[in-house]
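Note that this is a predicted model, so its numbers are computed, not measured.
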Amino acid sequence: WDEPTIFELSRPGRIGYTLPKPIEEVEVEIPEKLRRTSPLKLPELSEPEVVKHYTRLSEMNYGVDSGIYPLGSCTMKYNPKINEEIASHPGVAYVHPYQDERTVQGALRIMWELEQWLKEITGMDRFTLQPAAGANGEFTGVSIIRAYHLDRGEVQRDEMLVPDSAHGTNPASAAMAGFKVIEIPSNENGTVDLEALENAVSERTAGLMLTNPNTLGIFEDEILEIAKIVHKAGGLLYYDGANLNAVLGKIRPGDMGFDIVHLNLHKTFSTPHGGGGPGSGPVGVKDFLKDYLPVPLVSYDEENDRYYLDYNVPKSIGKVKELYGNFAVIVRALTYLKIMGKEGLREVSEVAVLNANYLTQKLKGTRGYELPGKELRKHETVFSAEPMKKETGVTAMDVAKRLLDFGMHAPTVYFPLIVHEALMIEPTETVSKEELDAYVEALKRISEEAYSNPEVVKSAPHNTAVKRVDDVLAAKKPVITWRMYRELKKKGEIDY
Amino acid sequence: WDEPTIFELSRPGRIGYTLPKPIEEVEVEIPEKLRRTSPLKLPELSEPEVVKHYTRLSEMNYGVDSGIYPLGSCTMKYNPKINEEIASHPGVAYVHPYQDERTVQGALRIMWELEQWLKEITGMDRFTLQPAAGANGEFTGVSIIRAYHLDRGEVQRDEMLVPDSAHGTNPASAAMAGFKVIEIPSNENGTVDLEALENAVSERTAGLMLTNPNTLGIFEDEILEIAKIVHKAGGLLYYDGANLNAVLGKIRPGDMGFDIVHLNLHKTFSTPHGGGGPGSGPVGVKDFLKDYLPVPLVSYDEENDRYYLDYNVPKSIGKVKELYGNFAVIVRALTYLKIMGKEGLREVSEVAVLNANYLTQKLKGTRGYELPGKELRKHETVFSAEPMKKETGVTAMDVAKRLLDFGMHAPTVYFPLIVHEALMIEPTETVSKEELDAYVEALKRISEEAYSNPEVVKSAPHNTAVKRVDDVLAAKKPVITWRMYRELKKKGEIDY
Amino acid sequence: MGRHYIPNSAHKEEMLKEIGFSSIEDLFSDVPKGMVKEFDLPEGKSEYEVFTEMNEILGKNKTVLEMPSFLGAGTYFHYVPAHVKYIIERSEFLTAYTPYQPEISQGMLQALFEYQSMMAELYGLPIVNSSMYDWGTAIAEAALMTVRLHRGKKKRFLIPKALSPEKKAVIRTYTRGADLEIVEVPWDEKGQLDLEKLKEEVKDSAGVYVEMSNFFGLVEENVREIGEIAHEAGAYFVVGADPTMLGVFEAPGELGADIAVGEASYLGSPMNFGGPRAGVFAVRNDRSLIRQMPGRIIGMTKDADGKRAFVMTLQTREQHIRRAKATSNICSNEALVAVAAAIHLATLGPKGLAELGEIILKNTAYLKKRLSEVGEVPFEGLYFKDVPVRFEIPYDVIHERLLERGIHGGYYLGKHFPELGETALFAATETTRKEWVDRLVEALGEIISEAEL
Amino acid sequence: MGRHYIPNSAHKEEMLKEIGFSSIEDLFSDVPKGMVKEFDLPEGKSEYEVFTEMNEILGKNKTVLEMPSFLGAGTYFHYVPAHVKYIIERSEFLTAYTPYQPEISQGMLQALFEYQSMMAELYGLPIVNSSMYDWGTAIAEAALMTVRLHRGKKKRFLIPKALSPEKKAVIRTYTRGADLEIVEVPWDEKGQLDLEKLKEEVKDSAGVYVEMSNFFGLVEENVREIGEIAHEAGAYFVVGADPTMLGVFEAPGELGADIAVGEASYLGSPMNFGGPRAGVFAVRNDRSLIRQMPGRIIGMTKDADGKRAFVMTLQTREQHIRRAKATSNICSNEALVAVAAAIHLATLGPKGLAELGEIILKNTAYLKKRLSEVGEVPFEGLYFKDVPVRFEIPYDVIHERLLERGIHGGYYLGKHFPELGETALFAATETTRKEWVDRLVEALGEIISEAEL
């Protein structure tokens, strides 16, 4: 259905709020030049109307509880409800970050405990939980690399190596930290081309950012060689933890040779994605880098059984975000870890990998889809719809849109960039065999449609709240706010 | 969409639970004759599947947050979310009813405070919060009437008077308490026929159960005469509080002459209806009846500032439910009352009545609908679709079903029984003018359809998850459980 | 205050004008003069103020999370998985009412149908309604039903003496209008229902009620035999069972029950200081029983397209149709509590329910073993959840001393069962922790030796 | 443990077989030998055990509901209406990700569009993104943006000295890679930004940043003048504003801001020990600014049927397309926090937001008045939320003594602003209660006289 904007639902005079009275009814004079005179066209509604509006909006949105959500590289696993229950404890919500440490021992302990888990899971020696998201973590990591080299006087190390299959955030983060980004090509297996890497490293190399398994879902089996090459050249090895779900509880980045790791609590550790955030991107480092971490760290004084905020980080890069991190997300992740335990975590990666390979094998050979690179996948798989496009004109985007008609979320499309017409599918461990079978069925049916009746795919979706959305128009004629909409509409510049 | 039953989603071996280990791994021997041997075909699912299933089911259900829900006599008002937040406090959920009074002072105070509010709102002198629902409250009330008369030796008072417009629970409750039910007809205004009442009362009269305003939404303007007649005959006057929303904060049943009142916290006091319950049906009485109330009452020892469970109720009827009532519902109602306060409650009834009259006047005169009884309504209104049925064959049920197609909940239909083809509409105070206008618009459009294209109405609904449901078949061939379904299906006795 | 819930507060004048009224008071012109009055009630407050006020009041309750508690006696601290709460808080379930319009209520109807189906599996009887208020009212309604089944010619209903005083009180109040004679059958020296007494009393009874574990926590060994005695005497056999035991114990239907009742809120709902709860009510698939059954029943049927659909059914038994002749006056029931129970059962599955039963049995056994060190358990036998313990010193002294130590002891039995002396019921469930029990026993040891000095 | 979240745990053999593998280890055959290892981690626990364990740990936090607290300094105890929390817990919002597929994400897209629209109203600038991590990173991104707008030719960015140390630290870390020079402009004797110094420093600056109320809670009187100075020098003007003041204070856009930033989580989100939060980021409707803007932006457009629809737009600025040349690396943002802010704003409306601002001003004034009785407020002027108070005795002593009395005092300024001496920031919001302030002042009086003895 159509839900009007909240501005259209507004009626002058309606009230949705209650507020306590001020302590004292004094006149407080606002200097005339600062007093608000410009219009403030906020909507006016009663609480029942606000609730109905957002309830209806929510029903026009697809979440993990709605069905399979195999968005590649996003690890859209089920978010246990116990996480939410614990995160709604007053000891989370009603605690001020500047409270005396003696009054927040619970909060500090939670952060400290989470760090212990993450250290063992990654093979790192110290963690900051400050970064708000994966990219914020990457920036933290590369900033540490920069600080490390500068500290050692190696000012010339201004190149960051990034494979061409990397997440877009990797080069963007490196650039933000002041690095020149050098792209390393992949070989025909879909993994890092060792020769190209050998050629790329030099005394200017600051480090290599790598995801393992990579964005094709393929394990970099030459990882130890890669590490050797980079380390030998004096660079550091950075692990993008977006794909950790593939090796969780089985293999540690630290054992692969990585020096720095960022994790995504909202991916691997089951905290909800919130429609785009909040996430949390803790960064772990090997011992020799721990003096560069952001402040404060959380430390434990065993003698006095006391947790404290530790600002004693001599070469700290400073802060990448205000305060200590997305605490409410941290609480959820720790809850999850305690329930899962050692065996549970290993079960996660094993079944995540099983599910991805099951899907790969079941779909493989279907007309129009091609499987680039090595066949054995980890937690995700990437197909190319290039043959389909060539033969029928149906693109990866069309396939994605048609999937929506079957009540399923689309895969990530057009990523990784090295695969044409990429369909990047990450089922995660929390979907069932029947859901996988149904997904494969749908993709096969779409293939049949593409070759028999391509129009039905090209014009998809048909069964959704809105038909295919015109994003070209959106960029050509930006309408970013309700006020802009009304103005443009009045001027006749838009016809919707 | 169609959601399979949870039994169909079951797959052997799946697990959705975690349980703590037993304290000690001892063998506990269950006597062979008591050990379970019969099959226990419960579904086997993982937690994500359970959550998806019930999330999808919920999306196939219409609630107060989905849109207008003007079910007559049910007071489907908005349920403030603060009620839910308070009710989820650990001090509600994790408290055992037999705890030492000193450890449940908060719970007892809440019950006591609610009683004080209800006393002032109704003009009664003492309340029990024990009844679990309106009908349970009615049974409590009529049991008190019975006990009162017996106590006074008036064993012959075995007749309970009930107007023909009464809720079905009134006669049913009276019968359960051992009364003979005498029906009092309504006059052409839709109110109690005084002459008939005069003729009905006698030394056998135990009391009169009355709703005011009545189920037509019409205020019994002769209520003081009614009270006089009943009291003079030695009967008691019982107030069915289902319609209290019409007079809340303005008029007190006690001032109308009632001796006993039951309230519906889930109607008037904004606690959610839960798809059919839990509700809460407190019963209040005038001073002379308080010794008959169920045990325990909640009393306050001012001297020691202590709330306690009071079992000292000399002539108590006993218990109508285990323990003390639906405490979690009570908490919600008190939260609501504290926010609303005196003026807020009055605003409720004033706007509820305004909304009902607005709708009445806007709809009045529409072809096919007739307004029986007096025009001035209180919180609800009843139209008859009798002309429409006669002229087009479209029934009240058809109108109700067609409303569903417009995304609106239907009114109560075929009640009160004294109105043919009744459409009983109670908008409540929490809907907006635009929602009322849209509802009237929809009813007018249906009228047009009935006279131009009746089939579209008769075959409604068209846009719902399922088409019109065959309730005749359901009663003829009852299928009450999944096991029955499978058995009947196997035998070929059902074809769906 | 309050206007934030009332959109048209802002439009009263406009709306009145539109329908030809000049003031709100005009809408109340039919009310007798002087009846409208100013109420003596507090002013409204902001949500924040009420939030803090209610939090402070509720903070005065001491919860079983803060204080080890051994209370049971019909209310138990079970753990409710978070997703159960999460789902029943979804407004589509929470804020709906009775599914009078099945076409837009398939979610609630199907959820209740699934509840009925799962309870039918547990209790071994195929016809289950969609809930009564609680176990106690379910027994009371069953008693009334057995009398109706005998067309009122038998007005005697047997219950165990070792039954919850709460339930007894409810049964008595509910059956007074129908003039039932409620007879209590005593326990024998083993704490089991006295079969000889039962045989003496059963004549002319409309029904016999027994629970699979009695109020003292003792598993009733002769349920099947009791049913046979009832049936031989022409009485209906009503069996009560805690659903958490039915993963390991035989279904009431298999033990001969015509009607089975129980407490659904033990699954999926917290204690809530005693409410809401939900009564299970199940009967044999027999037209005569179904016709006399109280409560709402959901049935499967098909829609106009022949597609499977759900709907309330067999409504001709109910008050809104049959009025004074209805099988019960029940209207609002405990649907949401029933759905919570269903979600919990779907989560447990057969294996989980059996495991839960076993854990409770084992924890109860541990509690019994440890408590036997400091008091006397009056009856031998298998216990489920509750265990009675008799002390040599007054229990109120023990209770006080335990409370001082931050432990909440058991439920004192002496008031309702004076023949048991200074006995209290202590309870265990899957939530009971070893350290709690050990602390309790240690404290009891100290208290008893102090008293003996 | 864990299997309850993993349906196919029960079907591993079957699935492996179906795809021609013989064991799970086969799926990891490409992993170098010896790399798979046994982890040194605890065993999994049941949900109930973790529930009690986490409750116990969190119970060690003392909340501002239990203890009057006067902490502010960038984090404030505002009340979040219950319905805001309720809605953002709906799984359709909570568990979705970035709306890459607009056709099944219209709910989140529209909610974010509405967020942008409301923030545009508040800040008086028409282009708003759908959130940054927090206010601090929003300033840092704004600084980087002003440099990009100058094509890197100006690498100087001015910030007030009276700015939150948290924000300063974030700005410095964020801008180090781009080699920005961050210059702090001091306050004058009135506590206001020193305009003379500003004029001295502004030359060659890419941008100037100021907040409408500074770190000490002082309302900045010369925002418009500061903007003029910046613009005259060819610098972009970046204005920070607490959204809760914008119902009564002029919109940054009207005061000359090219870019405005703020903290969205002050509306609709609790403090959460500091996170999550959400940064507001708004700019003028100018193609050059829009092109350089960081973050996700939601736009309105139409669908294939010509119907209004929402979609992520202007993505060519973003990392997943432009990679190393993107305007920012941000990917996951704080969408849900933004939606919470939108719901809260929709609830407040223009009248509520103004009322909120007034209440805070009045409560701050009361706090200031009372604190002036026991200490010295170093600057005259209008305060919003925070008030600095200087004491004659060391603040750590005061802090200790207050804590002993169950009161949490203010934020000590001496560490980062030693020139202010023994000064602490005390804060008020709409949640501040009179009795708290009175208790605080009474306690301070006692502590000071004790110390003087």
Short question: side chain of [X], backbone of [Y] - any donor-acceptor pair under 3.5 Å?
X: B/Asp65; Y: C/Ser91; result: no
X: C/Thr95; Y: B/Val64; result: yes
X: C/Thr173; Y: B/Ile317; result: yes
X: C/Arg323; Y: B/Thr169; result: no
X: B/Arg346; Y: C/Phe39; result: no
X: C/Asn61; Y: B/Gly106; result: yes
X: B/Asn61; Y: C/Met108; result: yes

Can you tell which of [options] has the highest number of heavy-atom pairs within less than 4.5 Å of chain B?
options: C/Gly349, C/Pro99, C/Pro42; result: C/Pro42
options: C/Met15, C/Arg90, C/Arg277, C/Lys12; result: C/Met15
options: C/Gln116, C/Arg308, C/Lys62; result: C/Arg308
options: C/Asn55, C/Val339, C/Ile330; result: C/Asn55

* Please name the residue in the list C/Thr63, C/Thr75, C/Leu71, C/Leu403 that meets the side-chain contact (heavy atoms from CB on, under 4.5 Å) test with B/Gln99. => C/Leu71

* **Distance in Å, C/Tyr100 OH paired with B/Cys74 SG, rounded so as to fall on 0.5 Å steps** => 5.5 Å

* State the CD1-CG distance between C/Ile57 and B/Leu334, to the nearest 0.5 angstrom. => 6.5 Å

Please look at [X] and chain C and tell me whether the side chain, the backbone, both or neither of the residue comes under 4.5 angstrom of a heavy atom of that chain.
X: B/Val351; result: side chain
X: B/Val331; result: both
X: B/Glu29; result: backbone

Quick test of your reading of the model: are [X] and [Y] salt-bridged, counting only N-O distances below 4.0 Å?
X: B/Glu24; Y: C/Lys434; value: no
X: B/Lys33; Y: C/Glu250; value: no
X: C/Glu103; Y: B/Lys401; value: yes
X: C/Asp40; Y: B/Lys342; value: no
X: B/Asp470; Y: C/Lys302; value: no
X: B/Glu44; Y: C/Lys351; value: no
X: C/Asp303; Y: B/Arg468; value: no
X: B/Glu322; Y: C/Lys167; value: no
X: B/Glu25; Y: C/Lys362; value: yes

Tell me, do [X] and [Y] make a side-chain contact under 4.5 Å, heavy atoms counted?
X: B/Leu40; Y: C/Glu121; value: yes
X: B/Phe139; Y: C/Ser328; value: no
X: B/Leu19; Y: C/Ile359; value: yes
X: B/Leu45; Y: C/Thr347; value: no
X: B/Pro478; Y: C/Leu314; value: yes
X: B/Thr37; Y: C/Glu254; value: no
X: C/Met118; Y: B/Ile6; value: yes

Tell me yes or no: between the side chains of [X] and [Y], is some donor less than 3.5 Å from an acceptor?
X: C/Tyr5; Y: B/Glu429; answer: no
X: C/Gln106; Y: B/Tyr62; answer: no
X: C/His399; Y: B/Asp100; answer: yes
X: B/Glu347; Y: C/Ser9; answer: yes

* Aromatic ring pairing B/His266/C/Tyr97, orientation class (parallel under 30°, perpendicular over 60°, tilted between) -> tilted

* To do: List the steps and the verdict of salt bridge (Lys or Arg N to Asp or Glu O under 4.0 Å) for B/Lys362 and C/Glu18.
  => CA-CA 9 Å; B/Lys362 288 284 193 172; C/Glu18 216 173 312; 2.3 Å; yes

* Do B/Lys250 and C/Phe28 meet the cation-pi criteria used here (NZ or CZ under 6.0 Å from the six-membered ring centre, within 45° of the axis)? -> yes

* **Heavy atoms from other residues, nucleotides or ligands near NZ of C/Lys60 exceed 12 (cutoff 6.0 Å)** => no

* Structure fact -> Heavy atoms of C/Leu16 and B/Leu354 approach each other most closely as CD2-CD1, 3.7 Å

* Who pairs with B/Lys21 by salt bridge (Lys or Arg N to Asp or Glu O under 4.0 Å), at least two apart in sequence or on another chain? -> none

